[in-house]
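Please read the structure below before turning to the comments.
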Amino acid sequence: MHPKFCKVLSPSELKKVKPVNKSTGMIHSFETFGALDGPGIRFVVFFEGCPLRCVYCHNRDMLDLKDYMTMTAHELLDKVLDYKPYFGAGGLKGGVTISGGDPIFQPQFLFEFLKLCKKAGIHTTIDTSLFTNRQTIDSIFPYVDLFMVSLKHFDSKIHRCLTGVPNEGILNNIKYLSGKIEKAGAAGGAANRPKLWFRYVVLPGYTDTKENLKALVKFLRGVVFEQIELLPYHTFGVYKWKKLGLPYVLEGVKPPSMAVVRKIKKMLEREKFKVLLNE
Amino acid sequence: MRSDGLCCSFLNIFNMQKEINVRDFILRNYTPYNGDETFLAPPTKKTKKVWGKARKLIQKEFKNGGLLGVDTKKVSTITSHGPGYISKRHESIVGIQAEKPLVRTIKANGGIRLVKSALEELGYKISPEIYDIYTKYVTTHNDAVFDMYKNWDDFKTPAGKLFRSEDIITGLPDNYSRGRIIGDYRRVALYGVDRLISERKALENLKYDYMNDEHMRSRTFLHKQIRALEDMKKMAASYGFDISKPATDVREAIQWLYLGYLAAVKEQDGAAMSMGRIDAFIDIYAEKDLKRGRYTEAEIQQFIDDFVVKLRIVRHLRHPEYNALFAGDPTWVTCVLGGMTAVGPIGKPSKACKPGKSMVTKTSFRMLHTLENLGPAPEPNLTVLWAEGLSSNFKKYASRMAVNSSSLQFENDDLMRPYHGDDYGIACCVSAMTIGKQMQLFGARSNLPKVLLLAINEGRNEFTGEKVLDGVKPLKNRKVLDYKEVSGRFFELMDWLAKKYVETMNVIHFCHDNYHYENSQMALHDPEVHRFMAFGLAGMSIVVDSLSAIKYAKVSPVYDRRGIAVDYKIKGSYPAFGNNDDRVDSMAVDLCKKFIQCLKKYPAYRGAEHTLSLLTITANVVYGNHTGATPDGRKAHEPFAPGANPMHNRDKNGALASLNSMAKLPYRYCRDGISNTFSITPHTLGKTSETRAENLVSMLNGYFNKGGHHINVNVIDREVLEDAMAKPWKYPQLTIRVSGYAVNFIKLTPEQQKEVISRTFHKKFY
C-alpha cells in the first residue's frame, strides 16, 4: 500500500523548491502549438522550477534551476503576441498557458506576466499544483481566466511519497479558490469569473485504487469546478531522468489501459461530473 | 436552340453576352451558401456500384505493380479511342481516356524515345510503326529540345557534359508534356462548342496592322484550336452527346465540362493537368434543377460523385524514373473550392481590392463530401480557398474533412485575390492563374544547395570533382568559412544559374509550342493570354540554414585530397529556419527576392512574366540524394525538406513557430507558390474530434492571417506514424504532444525519438 520510495529532500534539494521572487522570469522553453493544455490553441510557456518533486514528473529537466532563459514579463509577452492570430475566438478561445515546472514557483514574475497578458486581451491559463499561500492566490486571481489544478493523491502520506509534500495545504487552497470563484461569479456574473479545471494523473497502483477514487469523488462533491481532465500516466519523460542521472523509482510501472481510464471516466460521469479525456 | 422546358434565363444570358465571359455568368447567377453540411446526401446505389468497380480495378492495378495496362498500338489523340466505361449501366457521368478504364496511352508528340523506354521498363513493346513514324517522319518536342541542347556550348559543362545532367536544374519538361495549363472547361458547358468555334473563326478575319511574329503565331494556333474543338464534338458524339449546344441541366453541365477536360488528358500528359474552379459554376445549374424539381439532392450528389470517380482514374504513362521523382502516381487534377468575390482593381496587390461575397456554394460542400461518399483520396487534389470572411460552417466542415482524410490542402484566397481576382484556379499544388486568361510555362525547379556548394568548391561538382563552370576562384577563407565571402560568391553564382535557367526554359517552351501544342486546352482560353514562366527553388531552408550557420556559428569544411569540401564541422549554434527567428527568417525572404530579381533580368519567351515557387513535391528525397554535405550540418545524400518547410529536427519551439517562419516567405516574390506540408497526430490536435476540427480552423485562420500561402494538412494515424519516424523528411515538423509535456525532440537521438514515439501509439494514447 505504502510506496517504498519515500525519501526526504536533502538540504540542497530543499533550496531548489523554495519559491523565487524576482521581477525577471526563469523560462525553460515554449510550445507554440498547445492544443492539449486548456481550451483552443495555446502558447505554452514552461516556467523553470517547482515546489514539488513528483516521482512521475515528465518535465524533470526543468526543476533544478540550471538550464533556463531569463526574460522580463514584457519580453515574454512580445513572444506570445506573435501568435495571437492563432488563438481564435468563440467557444474555444485560445491564449497562453503557463506550465512548467510550476508557475507558482515564481509568484512575482507570474503576477506581472499575467497582468500584462490580460492588458493585451489574451486568455490566460495556469497549470499548477496550487502549493502556495493565500496571498499568492489573491494576487493572481484577477488575472487568471482558467486555473488547471493537479489532484495528486488524497492520502496525505502517500501524497508526500509521490510529490514530496503533504496534501492538506493544497486541498485547502483549492477549496479557498473555489469559494473565491463562486463569490466572483455572484458579484460579476458567470462571464467574469475564472474557471477551474482539475487534472488527475491515472497512475496504476496509486491513483486508480478504490480508496483514492472514492476520496476523489468526495472531494469533488465539495467544490465547484467546470471539468476534470484524466491524464493517463505515460513514460515519455523517463528519458529525462536518465539523462540527468537520477533514479526513476516508478521503473516498471506501466501506463494504464484505455479501458481502465474509460471506466474511471464513466464512474465520474455517473456522479454528474464533466470529464475530459484524449480519446 | 433547345426548347425542352429549359428555363430561358440561361439562354438569354449568353445570347446577351457579346463575349465569352464565364466569370460574369457565375457572379450574376450563383447562390452563396452559408448553412452547414446537414443537407448532404449519402452515396446512391449506382455510385456504390461504379466506385466499387473502379476500386477493384485500382486494387488490381496496385497488385500489378502500379500499372493495369497500356495501349501500345495507337497514339492518343482526342478521337483516337472509342468510348469506354467503368460500368455503363450505372454511370451517370461517362468518359475515360482509353477504351478500358485505367489503361494508359501513348502521347507521342512529347517525345517518343522516353515512351519507348518507359514501355520497355514496364514490360511492353511499342508498336514498331508508331516508333518508325515518330523517329523518321515526325519531330517531337523532345527531339526539338535536344537538338537545341546539342553542341550548345553554354549548355555544356567545361568537362563536356550536358549541363542538364548536373542535377542543378531538374524535372524539366523536355521529354514530356509541360502541363500547368488549365483549360476553361466550363465554356463547353456554358456556350456549347459551336459558339466557341464561331468565336475563333471570327478571329480568322481579323485585320492586322502588320503580320509580325506574334500575329503569325496566333494564327497558326488558331487553326489547331478550331480543329481540336471539332474533334471534341466527335469524341463527345461517340459517347452519345451533342456538345455543340450548351448544357441544359446540371448533369449535362458536369458531363460537358468533363468532356472538355477529357479531351485535354487524351492529348497531353503533363505532370499537372488541373481542373480549375468549377464549384460555383456547377452549383448554378444544380440550384436551378433543385428548384424546378428536375433532380433531387441525392441525384446531384451522384453526378458529383461519378464525376470525381472519373477524376480519380485519370492515368498517364510514366517512366519509372519519373515515378522516383513524383512518387504515388500523382495527376494533380486540382479543384479549388470556395474563395470570395473580388471588389476593386486586381493585378497588383493593393488595399483597394476587397473581399466581396463568399463563393462557397452547396457544390463546394458536395465536392468535399466525396471524401466521405467515396473515401479519402489524393485526387482530385481538393483545394480550399480560405478567406477570413468565409462562413464558420464551411470552415468547420472543411477542417473536419481534413482531419478525417488528410486529403485536403488549404490556400490563402485573401492573399491571391488581389493578384488574380475571383475566377482563378490552382495548377498542380500551389500555382495560381486566372482561368482561361493566363497560362503557365512550367519550369520545375533548381537545386540551390548545389549552387552553394559550387561557390565553396571553385565551381566543381562536390562528388565527381569535375568543373561545372569555369572562373570560380578558390575561397580566401578555407579553414573557417566567412559569411561575406561565401554569400557574395553564392549570389554571383545564382545569377549565372538564373541566365542558364531562363535560356533553358525559353528553349523548352519554344519547342513545346511548336511541336506539342495544347490544342484543346488553348481552345478553351481567350485568344490572347498572359503567360507566366514558372521557375522553382528547391532546398531553400538548407541554403538559408547554411548561411546562418556560417554567419552565427563557426563552420569548418572538411576537404578531401582533391580539395573538395565533402563535409562540414560546426562549432557553436545558429538560428535555424522554422523557429520564428528573424535573424534567419529574413535571410529566407532575401534569398527569394534575390533569385526572382536575377531571373527577371533575362527576358522570357513570348514576354512571359517570371514567377518563382518553393515547391519540391516528393522530389525532395531525390534532390537530397544528389547533393553532398552542406554547411548547415546536413549530411551528403540526406533528403531535403519538402517545399518551403524547415529542415526536419531543427524546430525547437513547436509547430506554430514553423508556421510563423513560413508565413514570412514573400508571396509577392514567389507568385508560383509556397508549399507547406504540415503533419500532426490527431491526438495532438485536440482531445475530441469536435475540438480537433475547431483547433484546425483556428490554426488556419492564424496562419493565413499572418500571410501564409499554402498548407497541406496531414493528420497521421497510427499506421503512418512508424513511417513518419523512419522518414522524417516525408512528414516535416511532425507534431506529437501530450498534455503538459515539453518535448525537446532535437535533444533526443533518433533512436530515442523512435522509442518515445513508438510507445505513443503502441500504448494507444497520447
Original post:
Side chain, backbone, both or neither: which part of B:L700 has an atom under 4.5 Å from a heavy atom of chain A?
Top reply: neither
**OP:** Considering non-hydrogen atoms only, spot the tightest contact between A:L276 and B:T688 and give its length.
**Re:** CD1-CG2, 4.3 Å
Original post:
Quick one: of B:L659, B:N660, B:N580, B:T691, who has the most non-hydrogen atom pairs under 4.5 Å with chain A?
Top reply: B:N660
**OP:** Write down the atom of A:P85, the atom of B:K706, and the distance for their closest heavy-atom approach.
**Re:** CG-CE, 3.8 Å
**OP:** Check whether more than 12 heavy atoms from other residues, nucleotides or ligands sit under 6.0 Å from atom NZ of A:K79, and answer yes or no.
**Re:** no
Subject >> Distance-minimising heavy-atom pair for B:S698 and A:G88 >> reply: OG-CA, 4.0 Å
Subject >> For B:G686 against A:N278, the heavy-atom pair lying closest together >> reply: O-OD1, 3.6 Å
**OP:** Report yes if the side chains of B:N653 and A:E31 come closer than 4.5 Å at any heavy-atom pair, otherwise no.
**Re:** no
Subject >> Main-chain N/O of A:E279 paired with B:H683 side-chain donor or acceptor, under 3.5 Å >> reply: yes
Original post:
Side chain, backbone, both or neither: which part of B:F704 has an atom under 4.5 Å from a heavy atom of chain A?
Top reply: neither
Original post:
Is there side-chain contact between A:L36 and B:K687, with heavy atoms separated by less than 4.5 Å?
Top reply: yes
Original post:
Can you tell if the side chain of B:I680 reaches within under 4.5 Å of the side chain of A:F33, non-hydrogen atoms only?
Top reply: yes
Original post:
Where on A:I41 is there a heavy atom nearer than 4.5 Å to chain B: the side chain, the backbone, both, or neither?
Top reply: both
Original post:
Would you say the side-chain atoms of B:N705 pair up with the backbone N or O of A:Y86, donor to acceptor, closer than 3.5 Å?
Top reply: no
Original post:
Any donor-acceptor pair under 3.5 Å linking the side chain of A:T32 with the backbone of B:A657?
Top reply: yes
Original post:
Measuring from A:F43:CZ to B:L656:CG, what's the distance to the nearest 0.5 Å?
Top reply: 9.5 Å
